[in-house]
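What follows is a set of notes on a single structure, which appears directly below.
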Amino acid sequence: MTTTIYSVDEARRRARRLLPKVVFDFIEGGADDELTTKANRRAFDRILFRPLTGVDVGEPDLRTTVLDTELSFPVLLAPCGGLSMFHPDGQAGAARAAASAHTIAVVGTLSGSLLEKGMSDGGGAPHWFQLYKLGGRAGAERLVDRASEAGYRTLVVSVDTPVVGHKERDIRNGGVRPGGTPAIDRVDLASMIRFAPKVAAHPRWVYRFARAGFPLGQPNVDMLQSDGSPISLEKATEAWMSSPATWADFEWIRSRWSGRVVAKGILSGDDARRAVGAGADAVIISNHGGRQLDAAPATINVLQDVVEAVGTTTEVLLDSGIRRGSDVARALALGARAVLIGRPYLYGLAVGGERGVRIVLDILRDELTRTLQLLGRQSVAELDRSSVLASGESAQRGCDNAQGSLGP
Ligand SMILES: Cc1cc2nc3c(=O)[nH]c(=O)nc-3n(C[C@H](O)[C@H](O)[C@H](O)COP(=O)(O)O)c2cc1C
């Protein structure tokens with residue numbers, strides 16, 4: 001890999017060339033018609049800046065704190081599934097890249113690595129753990145206890161997945177079974193015969209994947225039963241879907257977990273209030289990158305509602321659709337404390353493992369720096385509503401490529 005990756009979109013192009021379609025589409029896909037995935041981007045494009053010109057801001061200060069942890073800049077890595085399939089560095093590589101950039105990775109239950117590895121091999125940063133109720137309440141209790149023992153101090157509970165979103169690319173590619181579990185979770189003769197034609201044109205990925213020993217499994221699932229007996233991903237998912245995470249779960253989670261709890265998947269002020277009422281220390285506005293409810297609103301369009309509802313007492317984070325440092329600036333200007341990225345760092349991981357993730361983080365950092373310089377703002381703390389045009393004004397003076405988006 002050379003360092004000529006100059007934007008998230010360039011990382012995406014390279015990931016697309018390198019990965020078999022079935023793998024790239026797993027990263028890229030949204031639910032159903034992918035309306036929300038597209039709307040996330042368009043909504044950012046509609047927000048125009050109001051620069052202060054003639055100001056020399058020097059090197060702007062990007063530092064912030066999130067739940068009392070100091071970050072070098074306000075971008076975290078969102079929890080994602082299946083990282084070992086994209087590159088053998090997997091979750092630990094992404095966590096190390098986050099640590100070296102002085103930020104946080106949220107390690108997913110379904111990351112493809114043991115949750116302990118995200119912490120022990122993650123570069124020594126205070127990473128967070130994301131919880132799904134895999135294996136039902138009993139399974140989730142084990143995950144919570146193990147996350148605590150592993151040293152995580154912040155738990156992210158995803159509340160937007162009562163069922164797995166219907167991603168038609170995965171179905172077309174033969175990558176999932178009905179219900180959303182992977183069509184292959186181990187490599188055997190049958191799966192080799194079925195998938196060999198789909199991956200043959202991507203020898204670099206095949207070589208890497210084979211050398212790593214075909215890491216397809218979900219090791220956190222293997223350890224869900226308290227008696228240590230194995231449970232299949234299908235069974236664990238069935239138990240999760242039959243009692244998905246609700247606000248009532250926050251009660252037992254709060255009593256079992258001594259650290260901070262964050263609710264991920266909030267899309268309205270009302271739900272943000274509910275989350276805080278149930279004990280959440282922070283909320284993440286997220287539509288899962290458009291992978292769950294299609295035609296859910298673009299996250300940047302609900303930010304103001306959520307900030308008005310809980311923003312004076314609770315930190316509000318946002319993900320879904322961030323592709324540029326200028327998007328980070330837009331979200332901060334409208335009241336987000338920090339943002340998370342999903343696909344952007346997965347592209348980087350696919351292309352160059354840990355180093356690729358670091359490159360993507362550095363690109364976003366440089367873009368955010370330049371945006372602040374061009375805006376005449378000396379620090380991320382100076383970003384506020386006066387940094388962007390009001391939505392009516394933005395629409396009036398808008399760019400052509402921003403037309404036709406969903407939401408207000
Ligand atoms: C391949 C992939 C897998 C994901 N897996 C999870 C997951 O296991 N848990 C979760 O809470 N969110 C998951 N997400 C959603 C991300 O945490 C995040 O909300 C989303 O990617 C943000 O949108 P973006 O990709 O446009 O940045 C996943 C996203 C992708 C792209």
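Numbering of ligands and ligand atoms starts at 1, following listing order.
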Quick one: does C80 get an N or O within less than 3.5 Å of an N or O on ligand 1?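 No, C80 has no N/O under 3.5 Å of an N/O on ligand 1.
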In terms of atom number and element, which parts of ligand 1 are under 4.0 angstrom from non-hydrogen atoms of [X]?
X: R343; value: 24 (P), 25 (O), 26 (O), 27 (O), 31 (C)
X: S158; value: 10 (C), 11 (O)
X: L346; value: 1 (C), 31 (C)
X: D319; value: 18 (C), 19 (O), 22 (C)
X: A78; value: 16 (C), 17 (O), 18 (C)
X: S286; value: 19 (O)

Contact with ligand 1 for [X], non-hydrogen, under 4.0 angstrom:
X: P344; result: yes
X: I27; result: yes
X: P79; result: yes
X: E28; result: no

Is it the case that R291 places NZ or CZ above or below the six-membered ring of F26, under 6.0 angstrom from the centre and within 45 degrees of the axis?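 Yes; both conditions hold, so R291 lies above the ring face of F26.
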Considering only the protein, which heavy-atom contact is closest to [atom], and what is its distance?
atom: atom 15 (C) of ligand 1; value: H288 CD2, 3.4 Å
atom: atom 3 (C) of ligand 1; value: G81 N, 3.3 Å
atom: atom 9 (N) of ligand 1; value: Y132 OH, 2.9 Å
atom: atom 27 (O) of ligand 1; value: G342 N, 2.9 Å
atom: atom 1 (C) of ligand 1; value: R291 NH2, 3.3 Å

So, [X] and [Y], do they make that salt bridge, N to O below 4.0 Å?
X: R96; Y: D121; result: no
X: D45; Y: R42; result: no
X: R13; Y: E10; result: yes
X: R330; Y: D327; result: yes

Donor-acceptor side-chain pairing of T65 and R337 below 3.5 angstrom: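 Side-chain D/A pair, T65 to R337: present.
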If you measure only the distance, is there a donor-acceptor pair under 3.5 Å linking the side chains of S72 and R365?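 Side-chain D/A pair, S72 to R365: present.
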Could you walk me through whether D281 and R254 satisfy the salt bridge (Lys or Arg N to Asp or Glu O under 4.0 Å) test, starting with their C-alpha distance in whole Å, then the side-chain angles of each, then the deciding distance to 0.1 Å, before giving a yes or no? CA-CA 11 Å; D281 298 293; R254 286 261 52 146; 3.0 Å; yes
Is it the side chain, the backbone, both or neither of R41 that has a heavy atom closer than 4.0 Å to ligand 1?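 For R41, no heavy atom sits under 4.0 Å from ligand 1.
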Could you tell me how the ring of F214 sits relative to the ring of F209: parallel (under 30°), tilted (30 to 60°) or perpendicular (over 60°)?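 If you compare the ring of F214 with that of F209, the planes turn out perpendicular.
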Tell me whether the count of non-hydrogen atoms from other residues, nucleotides or ligands lying under 6.0 Å of CZ in R63 goes above 12.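 Count not over threshold, so no.
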Closest heavy-atom contact between A278 and F250?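 Shortest heavy-atom contact: O-CB, 3.4 Å.
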